[in-house]
There are 2 protein chains.
Amino acid sequence: MTPPPRPADALTLEVVDLIATVVARYHEEYEEAAARHSLTGAQARVLALLAREPLPMRKIALKLKCEPSNITGIVDRLEARDLVERRPDPDDRRVKLAAATEEGRRTAARLRESLHFAREPLAGLSETERATLRDLLRRMLGEQA
Amino acid sequence: MTPPPRPADALTLEVVDLIATVVARYHEEYEEAAARHSLTGAQARVLALLAREPLPMRKIALKLKCEPSNITGIVDRLEARDLVERRPDPDDRRVKLAAATEEGRRTAARLRESLHFAREPLAGLSETERATLRDLLRRMLGEQA
DNA sequence: TATTGTTATACTCTATAACTATA
DNA sequence: TATAGTTATAGAGTATAACAATA
């Protein structure tokens with residue numbers, strides 16, 4: 001199950017460290033952006049998801065990798081602010097589809113636009129460099145899929 | 001304060017998306033690794049910090065970017081498991097230095113080793129490619145510092 | 001007076017288990 | 001009987017405000 005430990009060279013460790021920094025910065029900015037809209041990180045993630053398409057409660061839990069029971073409360077709070085609504089699923093009466101309201105979609109859009117991280121610093125790289133970065137990240141991620 | 005919105009090209013958005021994926025994967029794995037040692041993410045981060053050097057409670061809060069009052073509970077729980085201890089600061093009797101115990105340092109080391117993310121997938125890149133990735137990430141991060 | 005750590009409080013997120021209404 | 005969503009519960013993280021000890 002666990003891959004065998006492998007001695008990492010200095011270069012690899014440096015890249016791992018840089019990635020850890022990117023992760024920390026990204027998270028900070030995401031939480032701050034959510035807070036500017038009086039949303040928690042979890043609420044912002046659910047809203048961003050529902051702004052794309054309505055989803056059954058259970059699927060939201062799968063995407064967020066948490067227990068379905070947690071989604072109830074998060075959607076409750078978004079619904080109380082009219083950012084999200086629950087609809088019946090015509091095909092299965094057990095299912096409730098959570099969907100972003102018009103206002104919810106507007107909030108999600110503003111939130112997305114306020115996420116400058118990675119976009120601003122990326123502007124300092126040339127197009128060729130951005131393409132190189134894209135290819136390297138793709139290969140990094142692709143091998144795990 | 002807020003930088004002016006800038007229309008992002010498709011390439012930039014793709015890179016931003018890849019970075020978001022990296023962030024999600026990294027976080028997942030970090031939480032899982034912490035859970036394998038019966039630690040929460042926050043506890044693991046504090047322990048990793050203290051495994052390097054003892055720190056005043058207040059400095060831990062600064063590094064984690066949270067309120068100092070929260071650190072009390074996190075260190076309490078680490079201390080209850082003998083992974084961390086509180087020591088007086090000889091120079092300022094108001095200050096308490098939190099320090100990892102021998103067992104705490106061992107746990108932190110095992111935790112660090114179990115973080116395969118970014119290390120394993122990086123193995124698929126050549127040394128030249130890893131160096132290129134390092135330089136691009138450095139430039140991305142450096143411009144914000 | 002200001003600072004350090006703590007306590008008290010309230011809210012949110014999280015997992016677990018039990019419940020309901022459907023299928 | 002299995003599944004979707006919910007409720008109840010308990011533990012943990014978080015911010016805010018107020019406090020004691022020390023500077």
Side-chain angles (χ1 to χ4, degrees), chain A residues 24 27-50 54-81 83-99, chain B residues 24 27-50 54-81 83-99:
Chain A
H27 245 85
E28 266 174 55
E29 178 165 332
Y30 195 89
E31 295 289 323
E32 281 167 14
R36 280 196 292 276
H37 294 273
S38 304
L39 293 170
T40 64
Q43 286 165 12
R45 281 186 286 278
V46 169
L47 184 58
L49 222 54
L50 299 182
L55 287 174
M57 303 296 280
R58 194 146 292 249
K59 284 224 172 152
I60 303 175
L62 283 174
K63 297 239 183 194
L64 258 72
K65 290 188 204 299
C66 74
E67 293 302 313
S69 60
N70 300 324
I71 305 301
T72 298
I74 296 172
V75 168
D76 280 351
R77 288 180 274 279
L78 289 170
E79 198 167 29
R81 291 174 55 188
L83 298 172
V84 156
E85 63 182 8
R86 278 182 242 245
R87 302 176 190 159
D89 181 333
D91 299 339
D92 187 336
R93 286 194 298 172
R94 292 173 303 180
V95 172
K96 286 178 193 169
L97 293 171
Chain B
H27 245 85
E28 263 173 59
E29 178 164 332
Y30 196 88
E31 295 289 324
E32 281 167 15
R36 280 196 291 275
H37 294 274
S38 303
L39 293 169
T40 65
Q43 287 166 12
R45 280 187 287 278
V46 169
L47 183 58
L49 223 53
L50 299 182
L55 287 175
M57 302 295 280
R58 195 148 290 252
K59 284 224 172 151
I60 302 175
L62 283 174
K63 298 240 183 192
L64 258 73
K65 294 189 203 299
C66 74
E67 293 302 312
S69 59
N70 300 324
I71 305 301
T72 299
I74 297 173
V75 168
D76 279 352
R77 288 180 273 278
L78 289 170
E79 198 168 28
R81 291 173 55 186
L83 298 173
V84 155
E85 62 183 9
R86 282 169 166 97
R87 301 174 190 162
D89 180 335
D91 299 339
D92 186 335
R93 286 194 297 172
R94 291 174 304 180
V95 173
K96 286 178 192 167
L97 294 171

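Chain naming here is simple, since letters A, B, ... match the order of the sequence lines and numbering starts at 1 in each.
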* To do: Start with the C-alpha gap between B:Glu85 and B:Leu50, add the side-chain angles, then the distance that decides, and say whether side-chain contact (heavy atoms from CB on, under 4.5 Å) holds.
  => CA-CA 10 Å; B:Glu85 62 183 9; B:Leu50 299 182; over 6 Å; no

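- When the C1' atom of C:dT12 is taken as reference, atom CG of A:Leu78 falls 12 Å away, rounded to whole Å.
- A sub-4.0 Å separation between OP1 or OP2 of D:dG11 and a side-chain N or O of B:Arg77 is absent.
- When rounded to the nearest whole Å, the span between CG of A:Asp76 and P of C:dC11 equals 15 Å.
- In this structure, the nucleotide among D:dG5, C:dC13, D:dG13 sitting nearest to the side chain of A:Thr72 is D:dG5.
- Counting atom types as modelled, A:Ser69 pairs a side-chain N or O with a base atom of C:dT16 as donor and acceptor under 3.5 Å.
- For A:Arg86 and D:dT6, the shortest distance from a side-chain N or O to OP1 or OP2 is below 4.0 Å.
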* B/S/- contact track for nucleotides 18-23 of chain D, protein heavy atom under 4.0 Å -> ---BBS

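- Across all strands shown, A:Ile71 has no heavy atoms under 4.0 Å from either base or sugar-phosphate atoms.
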* Test side-chain contact (heavy atoms from CB on, under 4.5 Å) on B:Glu32 and A:Lys65 and set out the steps. => CA-CA 12 Å; B:Glu32 281 167 15; A:Lys65 290 188 204 299; 5.9 Å; no

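- If you measure from atom CG of B:Leu62 to atom P of D:dA15, you get 12 Å, rounded to the nearest angstrom.
- For A:Lys96 and D:dT6, the shortest distance from a side-chain N or O to OP1 or OP2 is below 4.0 Å.
- B:Arg86 and B:Lys96 make their closest contact through CD-CD, 4.3 Å (heavy atoms, listed as atom of the first residue, atom of the second, distance).
- Remark: P of D:dG5 and CD1 of A:Ile60 are 8 Å apart, rounded to the nearest angstrom.
- Nearest to the side-chain atoms of B:Pro56 among the listed nucleotides D:dG5, D:dA12, C:dG5 stands C:dG5.
- When all heavy atoms of A:Pro68 and A:Ala61 are compared, the pair lying nearest together is CA-CB, 3.6 Å.
- Nearest to the side-chain atoms of B:Met57 among the listed nucleotides C:dT6, D:dA15, C:dT14 stands C:dT6.
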* Begin with the C-alpha distance, continue with both residues' side-chain angles, and end with the deciding distance and a verdict on side-chain contact (heavy atoms from CB on, under 4.5 Å) for A:Asn70 and A:Leu64. => CA-CA 10 Å; A:Asn70 300 324; A:Leu64 258 72; over 6 Å; no

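- The one candidate from A:Ile74, A:Val75, A:Val46 that meets the side chain to side chain contact (heavy atoms under 4.5 Å, CB included) condition with A:Val84 is A:Val75.
- For B:Arg93, the side chain to side chain contact (heavy atoms under 4.5 Å, CB included) criterion is met by no residue, not counting sequence neighbours.
- Checking C:dG5, D:dA15, C:dT14 against every side-chain atom of B:Asn70, the shortest atom distance belongs to D:dA15.
- Spacing between atom CD1 of A:Ile74 and atom P of D:dT7 amounts to 14 Å, rounded to whole angstrom units.
- In this structure, A:Tyr30 places its OH atom 18 Å from C1' of D:dT14, rounding to the nearest Å.
- In the set D:dA4, D:dT14, C:dT6, C:dT6 carries the atom at the smallest distance from any side-chain atom of B:Pro68.
- If you check every strand for non-hydrogen atoms under 4.0 Å, B:Thr40 touches sugar and phosphate atoms only.
- Rounded to a whole Å, the CD atom of B:Glu67 is 16 Å from the C1' atom of C:dT12.
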